[in-house]
Each structure stands twice: as structure tokens, then as C-alpha cells.
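Everything on this sheet refers to the single structure shown next.
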Amino acid sequence: MLHRTFFIQKEAVFMKYKDTLNLGKTKFPMRGSLPKTEPERQAKWYQNNLYQQRLTQNETKPHFNLHDGPPYANGNIHLGHALNKITKDIIVRYKNMTGYYAPYVPGWDTHGLPIEQQLTKAGYDRKSMPKAQWRNLAKDYALEQVDKQREDFKRLGVLGDWEHPYLTLQPEFEAAQLRVFGKMAGKGYIYKGAKPVYWSWSSESALAEAEIEYHDIDSTSLFYANRVKDGKGLLDDDTYFVVWTTTPFTVTASRGITLGPDFEYSVVQPAGEKRKFVVATELLPQVAPKFGWDAWETLATYKGQELDKITAYHPWDPEAEELVMNADHVTLDSGTGLVHTAPGFGEDDYNVGSKYHLPIIVTVDEKGYMTAEAGPEFEGKFYDDITGLVINKLQDANLFLAKEKITHSYPFDWRTKKPIIWRAVPQWFASVEKFRQEILDQLDKVNFYPGWGKKRLYNMIRDRGDWVISRQRVWGVPLPIFYAEDGTAIVDEQIINHVAQLFEEHGSNYWFEHSAKELLPAGYTNEHSPNGEFTKEEDIMDVWFDSGSSWNGVLRQRPQLDYPADLYLEGSDQYRGWFNSSLITSVASYGQAPYKNLLSQGFTLDGKGNKMSKSLGNTISPLEVADQMGIEILRLWTITVDTSQDMPVSKEILKQVSESYRKVRNTLRFLLANTSDFNYEQDKVSFADRQAHDQYFTVLLNDFVKEIRASYDNYQFNDIFKRLINFVNVDLSAFYLDIAKDVVYVEAPTSPQRRSMQTVFYETLLALTKLLLPVLPHTAEEVWEYLPNETSDFAYLSEMPVVQDLGDTSAMMADWQAFMKMRTAVNKALEDAREAELIGKNAEAAVTLYLTQEQKDVLTRLGLNARLLLMVSQLDLKDASQADEASRDYDGLQVTVSHARGKVSPRDRMYHEDLGADSAFPELSKHEAEIVREFYPAAVSEGFE
RNA sequence: GGGCCUGUAGCUCAGCUGGUUAGAGCACUGUGUUGAUAACGCAGGGGUCACAGGUUCGAGUCCUGUCAGGCCCA
């Protein structure tokens with residue numbers, strides 16, 4: 001047996017030329033099988049507590065705190081979530097690898113209407129159970145959603161403190177939120193008012209937009225006149241404003257007439273009329289026939305703004321007055337250009353009314369019946385049944401002009417299918433007006449990415465009204481407000497903090513499970529409650545107040561976090577949302593913005609630039625991408641696009657991204673394969689001792705590191721992609737790695753030329769792996785497993801490459817630029833020769849260059865091996881004056897290409913004129929023979945096959 | 001209707017303060033290799049810079065308007 005084995009081995013020793021080459025070797029696969037390997041790799045991260053390990057390693061470093069904006073805990077994650085979380089992960093990973101302690105605490109927004117709706121859908125009836133029970137159901141549902149989304153976010157490769165997220169329903173969060181509310185209350189920013197909401201009389205409840213559906217209905221619209229009371233010298237008191245309404249019952253609460261400031265209004269006297277009427281000039285021809293006006297005389301015209309603050313009489317109520325106002329919502333589409341305005345019954349009406357300080361009159365009760373305030377003849381009647389009565393009243397006063405049936409879209413309660421009305425109900429407000437300038441001043445100190453974000457947020461804060469913070473709902477944080485016996489509201493910071501303490505210990509359900517007395521501090525008295533009786537507010541807070549308090553609920557709670565945060569990063573819809581509410585509460589409480597930097601992202605669109613929606617069927621699920629292509633592809637996609645704007649995504653686009661991924665992956669593989677016999681610590685060659693082309697590439701790499709880091713620092717992620725792909729394709733693949741084969745494969749394993757190049761290979765590999773890690777963590781970690789000399793267990797535990805000081809390389813690089821132009825010229829010449837079938841591959845060519853003095857100087861100064869860099873077998877350099885007819889000019893370089901002289905070596909596949917110089921190796925060049933003799937002595941005795 | 005933003009090759013993006021024939025990578029075509037091989041090299045084709053006016057000696061780059069698209073309001 002032994003003999004036999006020996007015999008076989010001996011026969012196998014018979015060498016091939018290939019065996020004397022250093023062909024690259026690696027098991028790093030060309031294809032990543034990402035959908036399969038990513039989850040395994042992620043499991044490893046969590047088994048090894050990678051997130052915490054990195055933080056522990058950074059414990060003493062300066063903090064960088066990205067504060068997570070809480071996604072809503074409902075539904076499957078979509079591309080927007082993925083983009084947001086991935087970008088955050090990129091930033092956090094980068095910061096942790098560049099000298100910062102950068103924790104990431106994910107959060108969820110867990111209160112609010114959509115969750116209540118899910119319960120309703122699931123068949124629960126809110127009104128059939130106590131509030132606390134309903135809230136427990138909501139809580140269970142929210143926690144389930146959090147668990148589901150958490151798993152999905154982890155699948156994106158996002159590293160964070162997933163075991164300790166913040167949830168807006170956590171008692172400590174709710175307590176912190178109440179304390180923010182308390183601070184604002186203490187400063188007098190919280191007040192009670194009234195505001196119209198969608199009111200469903202059929203379910204006796206306020207509704208949200210989501211609970212409304214629209215149907216076409218027929219309504220009776222009325223035209224009637226309001227007699228001028230104080231015409232401010234412009235209008236006589238026998239002049240009448242002609243107004244229009246589609247909701248006759250609201251005339252009972254009419255307090256104003258709204259005009260368009262820039263529209264022209266005519267004062268006209270119809271033929272046979274003593275009275276004068278004001279109508280928008282443009283609409284006069286349309287409305288006159290309705291009023292039976294055949295002819296009229298125009299007495300004057302005014303702009304809407306000129307008539308501002310003139311007053312008129314209410315049609316029948318002597319106590320009331322109608323104020324002329326101006327607002328942009330008035331249109332000339334229909335009516336008269338003068339809009340009857342009842343601030344208690346419409347949003348536009350409310351808005352313009354509050355600007356002019358009109359009272360808010362509500363003449364309909366919660367069941368839809370007119371109140372006493374509407375007047376004795378209306379009281380107790382259903383709002384929709386009084387149109388005839390209103391017409392009668394107007395006719396009695398000789399103010400009625402016309403009625404008209406109109407068909408229009410009208411909101412309905414989606415559950416009861418009954419129409420709804422706008423109706424003002426008591427609401428709690430947070431004043432913005434009182435400290436608007438302070439907010440704007442603090443906003444000015446924030447850095448915005450992109451810069452226009454500042455303008456956008458600034459305009460919103462500048463133009464927004466006070467914040468309605470109450471909601472007539474159940475699933476949320478209760479408003480910690482009490483009422484005394486006479487109805488006086490008790491909004492007291494100390495009491496609020498007392499309630500906060502209770503919430504911190506018991507959770508906010510405590511509010512619903514206990515009486516006002518139990519919730520108030522022991523022994524609390526108030527002059528408005530002589531009998532010591534109190535009631536509590538039943539409304540809850542707007543969920544934007546929840547998330548808007550996260551700087552207090554999270555940043556100021558957790559020791560590893562900081563307030564203000566270094567960075568908030570969300571979609572551009574959050575200028576209205578979280579960016580906005582967080583800013584208000586933070587400035588109100590502590591006089592500063594909760595963030596130093598604000599980064600906003602656009603929305604994902606389909607391949608055609610249209611919005612993604614389920615109904616259009618153009619959505620792409622991030623989890624599907626993960627399962628089909630790998631999450632690395634989606635992560636890479638996030639840096640191919642300009643995230644400051646809206647971003648197109650489609651299967652085709654992702655396909656293109658995956659091609660880029662493969663290119664990067666293959667390049668890493670090539671570098672791995674050709675450094676597998678290289679030990680950086682032992683074999684590295686110093687910059688000064690490197691070959692000219694290796695020095696050149698070292699500089700390219702150094703510039704690359706510098707630029708990529710700058711792009712990370714400035715959150716310019718698509719610059720990273722551009723630069724990366726260019727570096728990999730142009731600098732590495734098409735140039736350096738291409739010429740490298742003639743060195744790395746062919747030269748002696750330990751030769752200085754080879755070691756010089758391997759040094760640069762290794763540095764490149766290491767730098768690329770680290771620089772890519774924030775974007776492609778799975779791939780980077782995979783590469784890391786093939787780098788036995790790197791001691792840390794994970795690539796993520798290593799530090800980003802730093803920019804080296806290589807001295808002044810500008811002159812050298814200018815020369816290289818000149819040489820690379822010459823190389824391009826030679827490539828064209830070679831291509832022509834190939835087309836002429838003079839050569840096949842470059843190695844079959846002998847090239848002669850006829851150089852100008854300047855070109856010669858470049859080559860001399862660089863001291864490079866031009867033949868190697870041009871990848872030809874022979875290169876002859878001559879003076880430009882020697883150029884003959886055979887040569888051709890390529891972009892200023894005279895070139896002649898001919899077939900290479902001599903014979904081709906089977907080993908390096910180049911042509912040589914000295915084959916067989918070493919008689920032992922008749923087919924090898926002298927240089928090759930030396931290598932083989934020294935490193936493969938067996939070949940001398942055995943020969944080649 | 002308002003605030004903010006976008007519209008450059010098939011795709012994703014560069015084009016700074018206006019100045020020679022508008023760039024890159026991918027994709028595409030041709031071709032060479034077969035020692036990065038379900039890979040790699042080389043060369044090449046491809047754009048009325050959304051449209052229409054205007055300012056200027058000169059505009060993708062400034063101004064106005066139109067169209068298309070997005071977010072947030074109304």
C-alpha cells in the first residue's frame with residue numbers, strides 16, 4: 001500500500017508551468033447567497049452582543065447621539081421605514097468606528113387612533129367596556145406590533161438596543177411627557193378654547209379624517225343679504241352684503257362675512273331697488289338673474305381688503321354683529337364672493353374668525369339639535385330640518401334673495417353612514433403664539449441637511465396657529481387636568497407633576513381607574529370647590545405630544561443619551577410632525593431645540609417617479625427584497641440615490657444596484673485571493689520603498705479614504721456610492737488589478753515587486769472593507785473572516801482607516817495623470833491593431849512610442865515600468881523626431897504597434913527574445929528561469945510536463 | 001389655492017460663483033481574453049440639459065411662466 005501511494009504521488013509531482021505561478025487563492029465565494037447568509041450572520045451579531053461590545057469599547061469617547069424618531073406601531077414595514085432605519089444604521093455604525101460613543105435606542109409611537117381602529121376592526125366595541133379595559137386591549141395590540149416590527153427592522157441589518165427600546169406607552173415615558181406638559185402649563189402656555197371638529201351627531205362623537213367617507217348629496221343653498229351697520233365711510237347703511245351658504249342652520253351662529261382681499265367687489269343698485277348690494281364683480285352676471293335683477297347700476301368698486309372690518313347686522317339677532325374679514329380661502333368658483341362665516345361650524349371660518357377675534361358660537365348640541373342660543377323658534381329642532389324656518393326668518397326681514405339646490409360631496413360617518421357636521425367643541429391648546437419668536441430663534445441655531453429644511457420648518461412655525469393638544473379619544477396619555485365644582489379648570493404644574501409620579505409608578509391607566517380625588521395630592525383644596533369635590537378631564541393628548549416629548553422621555557432619562565441630540569433624522573413629512581412638535585415642547589420647556597442637526601429624507605417613488613401605494617400596486621416590500629436579493633442590495637440602494645429628495649425604486653433599479661454589488665464583491669474577492677499568502681505585519685513594504693505604480697495607487701487609495709470619510713461626515717451618502725463605484729471600476733479593476741496580474745502571479749512569491757503590490761492590496765482591502773461596513777455590514781464581516789491577521793472578532797469592532805500623510809504628491813500625481821492619458825492613447829492604438837488582426841491580446845504587441853521631450857521627462861521622473869503598465873510584451877521608446885510613416889498620432893502621442901518579437905512563454909504568456917537562456921528551461925525567459933530555479937527546485941530535476 | 005422640493009443620456013447621479021465640441025458609473029453594441037471565468041480588459045454608439053419666453057456678447061447654470069411629479073397644508 002505504501003509503495004503504491006508513493007508511486008502515485010511521485011507521478012503527480014510532474015509540474016505544470018501554472019504551478020510556478022502565484023495564482024490567487026480564496027474560498028470567498030463570488031456570489032454571496034445573501035438571502036441565506038444574512039440571517040445567520042445577524043444571529044451571530046446578537047449572540048455575541050455586538051452592539052454592546054462596540055459601545056463598551058467606545059465608553060470613554062465623546063458622544064454622538066442620534067435620536068430615533070418613533071415609527072407608529074401598526075402594520076408591516078415599508079420601504080420608507082427601511083430607508084430610514086438603514087440610513088440611521090449607516091450613521092451610527094460610522095460614528096462608532098470613528099471615535100464616538102454612538103448608542104442607538106429605537107423607539108415606537110404606540111398610542112393613537114389607528115390602533116383603536118384596529119381593535120374596532122377586530123370586533124371590539126369601545127362603548128361596551130370600561131375605558132381601562134379598552135386601553136389594555138390597545139396596549140396588547142401595540143406591543144404585538146412592536147415585536148413584529150422589531151424583528152423586521154433587525155432583518156434590515158440594523159444594530160441597536162433592541163431589547164430596551166423606548167415606547168410612548170411606557171410609564172416612565174408617560175411620566176416624562178406629563179412633566180413636559182407641566183412645564184408648559186407652568187409657563188401659562190396651556191389654555192382651553194373651542195375649535196370645530198368633524199362631529200358625528202349620530203354617534204355623538206368627534207371623528208378623525210380617517211373615520212370619514214364622502215358621498216354626493218343635495219343641499220339647499222341660500223343667498224341672502226346683510227345690512228351694513230358701520231360702513232367706515234365707504235358704504236351707506238342702506239347697502240347690503242350678499243352672502244351665500246350651503247349650510248342654512250349655521251346662519252344662527254353667523255358672526256362674519258369673509259372676502260378675498262384681492263378680489264374686486266361692486267356696489268350695485270338693481271333697477272327698481274332702493275337698496276344697494278355688494279357682490280364680487282366677476283360673479284355679478286352669474287348671480288343677478290337668480291335674484292331677478294335684469295339691470296343694475298354700479299355705484300362703486302372696492303378691493304376686498306378695502307372693506308375690511310366694516311360691520312353689518314345679523315339677519316335677525318339684534319345682539320349679534322357680522323364683521324367683514326379677508327382671507328385667502330374665498331374663491332370665485334360659486335356663490336357671491338362673500339362668505340357667511342360661523343366660526344363654530346367650519347374650519348376656514350374658525351381660522352379667519354380667530355384671526356379677527358370673533359366669538360365661537362355653537363348652536364347645535366351633540367345630538368344635532370338646535371340649542372337655546374339659536375333662538376326660541378329654532379330650539380330643540382333638528383339642525384337639518386330648519387332650512388325652511390331660516391328662509392322664513394330671512395324673508396320676514398326682507399333679506400332673502402334666492403335658494404338653490406346644489407349637489408356636492410359631503411362627509412359622512414363611516415360607521416353610521418349618517419352625514420356629519422363641523423362643530424366646535426371645547427379643546428385644550430398649547431400656545432405657540434406666546435413664544436413663537438423664541439422657537440424661531442432656537443431654530444436658527446440648528447444645522448439642516450439639506451439646507452432648505454430650515455426655511456421649510458421656519459415657515460411652518462411662523463405660520464402655524466396654536467396647537468390643539470386634546471383629542472376626544474381613549475388610547476393615549478390623559479390630559480392631567482382637573483375641574484373644580486364650579487367648572488374652573490385646574491392646570492397646575494405641581495399637580496401635574498404629582499400625577500406624573502403616579503403614572504411613573506402605575507402607568508397611565510391609573511387615571512381611568514381612579515377618581516379625581518384619588519389622583520389629586522392628598523388633602524388638596526381649591527377655593528372653587530368648597531365641598532372638596534373635583535372631576536377630571538376625560539380627553540387625551542394629541543399623539544404628536546407623545547412623540548414630541550421623546551427628548552424628555554428618552555434623551556433625558558437614559559444615562560447614555562444626551563439632550564439635545566446630535567441628530568434627528570426622518571422623512572420630510574416630519575417637518576410638520578415630529579420635528580415640529582419636538583421643537584415646540586423643547587423650546588417651551590428648556591428654551592432650546594432638542595436637536596443640533598436635522599437631516600430629512602424624501603419619499604420613495606416608483607420607477608416612473610410616482611408615489612408608491614398599495615392601490616397602484618407599485619409598492620416594493622423591503623423584506624421581499626431581503627428574501628430575494630439580500631438586504632445588502634437594499635442597503636446599497638440607499639446610497640445610490642439622493643435621499644434629500646424623493647427617490648425612485650423599482651425592480652429594474654434594484655437589479656442595477658445588485659450588479660454594482662457584484663462588482664464590488666468580486667473586487668474584494670480578487671484582493672483577498674492575492675493577499676492570502678501575505679502577512680501584513682511581516683511582509684509590508686514602506687511607502688518609500690514601493691514600486692512607482694504602487695506608490696501611485698497608495699496615493700489614490702489615500703485620497704479615496706479622505707473623500708469617503710468626508711462624505712460620511714456630511715451625510716452625502718450618494719457621493720460615497722459614486723466614488724466607490726468609480727474607484728472599484730476605474731482605479732482598481734480596469735487599471736491596478738489588471739496590470740497587477742503580471743506582477744502578483746508571475747514574480748517570485750517573496751520578491752520586492754510582489755510584496756510591494758501586496759502591501760497596497762492589503763491596505764486597499766482593509767480600507768474598502770471598513771469604509772463599506774456601515775453600508776454593507778454583512779459583506780464586510782464576511783470579508784473579515786478571511787483576514788486572519790486582523791485580531792478583532794468583528795470588522796465592526798475595528799476603526800475606520802485614517803488619512804495618511806504621504807507628503808506633497810501633487811507633482812507626482814500630475815505626471816501620473818499625463819502618463820494615464822498616454823496609456824489611454826496606447827489602448828486606442830492597440831484596439832486598432834486588434835481590429836486589423838495584427839494582435840489579439842495586448843501581450844502579442846510590441847509598441848513603439850515616439851516621445852516629445854516633455855513626454856520623456858514624465859516617464860523619467862516617474863521611474864515607472866511603462867511596459868508593465870501598458871501590458872505589452874515589448875515597449876520601445878524613441879525620440880519624436882524618429883517617427884516614421886507607420887506611426888500614428890493618438891491624442892498627441894505617436895504610436896506604432898507591431899507584433900511582438902520572439903516567442904511566447906507558456907508561463908507568463910508574454911513574448912520574449914531570451915527563451916531558453918537557462919538551458920534547463922528552454923521555454924522560459926531568463927528572468928522566469930531564475931524564479932523557477934529558486935522557488936520550485938523540483939522543476940529543475942523533474943522538468944515540466 | 002399656499003409653503004418647500006424636483007425634472008441633465010435607457011437607469012442612478014456629477015455639473016461650484018453663467019464661458020471652449022455637456023461628464024461618470026451601470027446598461028447597450030462590437031471585440032479580446034479564458035490564470036478574478038455564471039468573471040475580467042479594450043473600444044464605441046447614445047443627451048433639442050421637461051417646455052416656452054426673457055436677461056446677457058454668451059445659460060444646463062440667472063429671472064418669469066407653463067407642464068409633470070413629490071411632501072406638508074388648505
Side-chain angles (χ1 to χ4, degrees), chain A residues 16-19 21-26 28 30-31 80 260 327-331 333 347-348 351 450 452-460 462-464 571-577 579-580 600-612 637 639-642 644-650 652-660 662-663 665-674 718-719 721-730 732-735 737-742 744-746 823-824 826-835 837 839-844 871 907-909:
Chain A
K16 295 177 180 175
Y17 289 110
K18 193 172 173 175
D19 299 333
L21 293 170
N22 320 296
L23 297 180
K25 272 194 202 102
T26 182
F28 185 85
M30 273 185 94
R31 314 181 89 203
D328 290 328
H329 70 261
V330 178
T331 69
D333 297 340
E347 185 150 50
D348 286 333
N351 287 334
W452 52 255
K454 178 175 281 189
K455 201 173 8 170
R456 184 165 176 180
L457 188 49
Y458 188 96
N459 287 351
M460 273 182 186
R462 185 192 61 196
D463 297 335
R464 73 165 292 163
S572 59
D573 54 338
Q574 298 305 326
Y575 285 106
R576 186 65 193 181
F579 295 159
N580 202 300
S600 77
Q601 302 184 314
F603 276 67
T604 54
L605 309 175
D606 71 10
K608 290 173 189 152
N610 291 314
K611 75 187 292 181
M612 283 194 164
W637 168 80
I639 67 160
T640 67
V641 288
D642 179 356
S644 73
Q645 301 171 21
D646 295 335
M647 299 142 277
V649 206
S650 65
E652 291 71 23
I653 290 170
L654 289 173
K655 176 94 180 8
Q656 185 187 321
V657 174
S658 70
E659 292 296 323
S660 297
R662 285 175 57 186
K663 181 69 185 183
R665 188 179 173 88
N666 257 310
T667 303
L668 291 168
R669 179 171 180 268
F670 186 87
L671 290 170
L672 276 173
N674 289 290
N718 66 332
D719 282 350
F721 181 76
K722 237 183 326 185
R723 191 67 185 87
L724 167 72
I725 292 302
N726 214 64
F727 183 71
V728 165
N729 279 293
V730 179
L732 270 173
S733 192
F735 171 65
L737 300 188
D738 208 27
I739 63 150
K741 296 166 204 167
D742 289 330
V744 162
Y745 292 170
V746 174
R823 185 171 180 270
T824 301
V826 171
N827 274 338
K828 285 181 186 170
L830 289 167
E831 190 61 23
D832 285 344
R834 212 179 337 267
E835 212 167 301
E837 295 184 1
I839 60 166
K841 54 179 177 175
N842 287 10
E844 289 171 32
M871 301 193 296
R907 182 174 174 278
D908 72 1
R909 293 177 179 172

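Order of the sequence lines sets the chain letters (A, B, ...), proteins ahead of strands, with each chain counted from 1.
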Exercise for the section: Would you indicate what A:Y575 reaches in the nucleic acid, counting non-hydrogen atoms under 4.0 angstrom: base, sugar-phosphate, or nothing? Expected result: nothing
Practice task
Using Watson-Crick or G-U wobble geometry with both distances below 3.5 Å, tell me the partner of B:G1, or none.
Solution key: B:C73
Handout entry: hbond_proxy A:E831 side chain to B:G30 base (donor-acceptor, 3.5 Å cutoff)
Key = yes
Exercise for the section: Verify the contact: side-chain N or O of A:Y745 to OP1 or OP2 of B:A36, cut-off strictly under 4.0 Å; return yes or no. Expected result: yes
Problem - Rounded distance in Å - CE (A:M460) to P (B:C71) - result: 13 Å
Fill in the blank from the handout: Taking a pair to mean Watson-Crick or G-U wobble geometry with both distances below 3.5 Å, B:G7 pairs with B:C67
Handout entry: Close side-chain approach of A:D742 and A:D908, heavy atoms under 4.5 Å
Key = no
Exercise for the section: For A:L672 and B:A36, give me the distance from atom CG to atom P, rounded to whole Å. Expected result: 15 Å
Fill in the blank from the handout: Of A:K741 and A:E652, the one whose nearest nucleotide on RNA chain B sits closer to the 5' end is A:E652
Practice task
Counting heavy atoms from C-beta on, name the nucleotide in B:A36, B:C71, B:G41 closest to the side chain of A:D573.
Solution key: B:C71
Handout entry: P spacing across the pair B:G23 / B:U29, given as an integer number of angstrom
Key = 24 Å
Problem - Distance, P atom - from B:G35 to B:G45, rounded to whole angstrom - result: 32 Å
Problem - Contact under 4.0 Å: A:R464 side-chain N or O vs B:A74 OP1/OP2 - result: no
Practice task
Decide yes or no for A:M612 and A:V649: does some side-chain heavy atom of the first lie under 4.5 Å from some side-chain heavy atom of the second?
Solution key: yes
Completion exercise
Separation of B:C72 atom P from A:Q601 atom CD, nearest Å, is 15 Å
Fill in the blank from the handout: Quick note, A:R456 side chain, CB onward, closest among B:C40, B:C11, B:G3 is B:G3
Completion exercise
Rounded to whole Å, the CG-P distance (A:N674 to B:C40) equals 15 Å
Could you list the protein-to-nucleotides 23-29 of chain B atom pairs, N/O on both sides, closer than 3.5 Å?
unit_1, atom_1, unit_2, atom_2, d
B:A24, O2', A:N726, OD1, 2.6
B:G25, N2, A:Q656, NE2, 3.1
B:C26, OP1, A:N729, OD1, 3.3

Practice task
Mark yes or no for whether A:D646, through its side chain, and A:G602, through its backbone, hold a donor-acceptor pair below 3.5 Å.
Solution key: no
Practice task
Rounded to whole angstrom, note down the P distance from B:C42 over to B:C5.
Solution key: 42 Å
Handout entry: Mate of B:U29 where both pairing distances stay under 3.5 Å, Watson-Crick or G-U
Key = B:A43
Handout entry: Nucleotide nearest A:S733 (side chain, heavy atoms from C-beta), chosen from B:C40, B:C72, B:C42
Key = B:C40
Exercise for the section: Just compare B:C73, B:C5, B:C42 and give me whichever is closest to any side-chain atom of A:W452. Expected result: B:C5
Exercise for the section: Could you tell me whether the phosphate oxygens of B:C5, OP1 or OP2, come under 4.0 Å of any side-chain nitrogen or oxygen in A:K455? Expected result: yes
Practice task
Could you measure between the two P atoms, the one in B:U48 and the one in B:G10, and give it in whole Å?
Solution key: 8 Å
Between protein and nucleotides 45-48 of chain B, what N or O pairs are separated by less than 3.5 Å?
none

Exercise for the section: State whether A:D19 and A:K16 are salt-bridged, where the test is any N-O pair (Lys NZ or Arg NE/NH1/NH2 against Asp/Glu carboxylate O) under 4.0 Å. Expected result: no
Exercise for the section: Can you tell me the pairing partner of B:U17 across any strand shown, Watson-Crick or G-U wobble, with both distances under 3.5 angstrom? Expected result: none
Problem - Residue-phosphate contact under 4.0 Å: A:R909 side-chain N/O, B:G35 OP1/OP2 - result: yes
Completion exercise
Among B:G35, B:C73, B:G70, the one nearest any side-chain atom of A:L23 is B:G35
Problem - From B:U33, B:C42, B:C13, nucleotide with atom closest to A:E844 side chain - result: B:U33
Practice task
Measure the distance from CZ on A:F735 to C1' on B:C40 and round it to the nearest whole Å.
Solution key: 16 Å
Handout entry: Closest-nucleotide 5' rank along RNA chain B - winner of A:R823 and A:D719
Key = A:D719
Practice task
Report the nucleotide, chosen from B:A14, B:G44, B:U12, that has the shortest atom-to-atom distance to any side-chain atom of A:K828.
Solution key: B:G44
Exercise for the section: Kindly compute the distance separating CG (A:N22) from NZ (A:K741), expressed to the nearest 0.5 Å. Expected result: 15.0 Å
Completion exercise
Using Watson-Crick geometry (N1-N3 plus N6-O4 or O6-N4) or G-U wobble (N1-O2, O6-N3), each under 3.5 Å, B:A38 is paired with none
Exercise for the section: Assign A:G840 to base, sugar-phosphate, or nothing according to its heavy-atom contacts below 4.0 angstrom with the strands shown. Expected result: sugar-phosphate
Problem - Flag side-chain contact, heavy atom, 4.5 Å: A:L830 against A:M871 - result: no
Problem - Pair A:E659 + A:K655: basic N to acidic O under 4.0 Å - result: yes
Exercise for the section: Can you figure out which of B:G41, B:A36, B:A38 approaches the side chain of A:F670 most closely? Expected result: B:A36
Problem - Nearest listed nucleotide, side chain of A:R31, among B:C73, B:A38, B:A36 - result: B:A38
Handout entry: Atom-pair distance (CG on A:D738; P on B:G32), nearest Å
Key = 17 Å
Practice task
Please measure how far the P atom in B:G44 lies from the corresponding atom in B:A36, and state the result in whole Å.
Solution key: 24 Å
Exercise for the section: Between B:U56 and B:G18, how far apart are the C1' atoms? Round to whole Å, please. Expected result: 9 Å
Problem - Length of the line joining A:K25:NZ and B:U37:C1', which is rounded to integer Å - result: 18 Å
Practice task
Could you give the distance separating B:A9 and B:A14 at their C1' atoms, to the nearest angstrom?
Solution key: 13 Å
Nucleotides 67-69 of chain B: which of its N/O atoms have a protein N/O under 3.5 Å away?
unit_1, atom_1, unit_2, atom_2, d
B:G69, O3', A:N610, OD1, 3.3
B:G69, O2', A:G609, O, 2.5

Fill in the blank from the handout: Separation of B:C71 atom P from A:D642 atom CG, nearest Å, is 17 Å
Practice task
Give A:R907 one of three labels, base, sugar-phosphate or nothing, depending on what nucleic acid heavy atoms sit under 4.0 Å from its own.
Solution key: base
Exercise for the section: Could you tell me whether the side chain of A:R907 and the main chain of A:V746 form a donor-acceptor pair under 3.5 Å? Expected result: yes
Practice task
Can you tell me, in whole Å, how much space there is between the C1' of B:C11 and that of B:C71?
Solution key: 24 Å
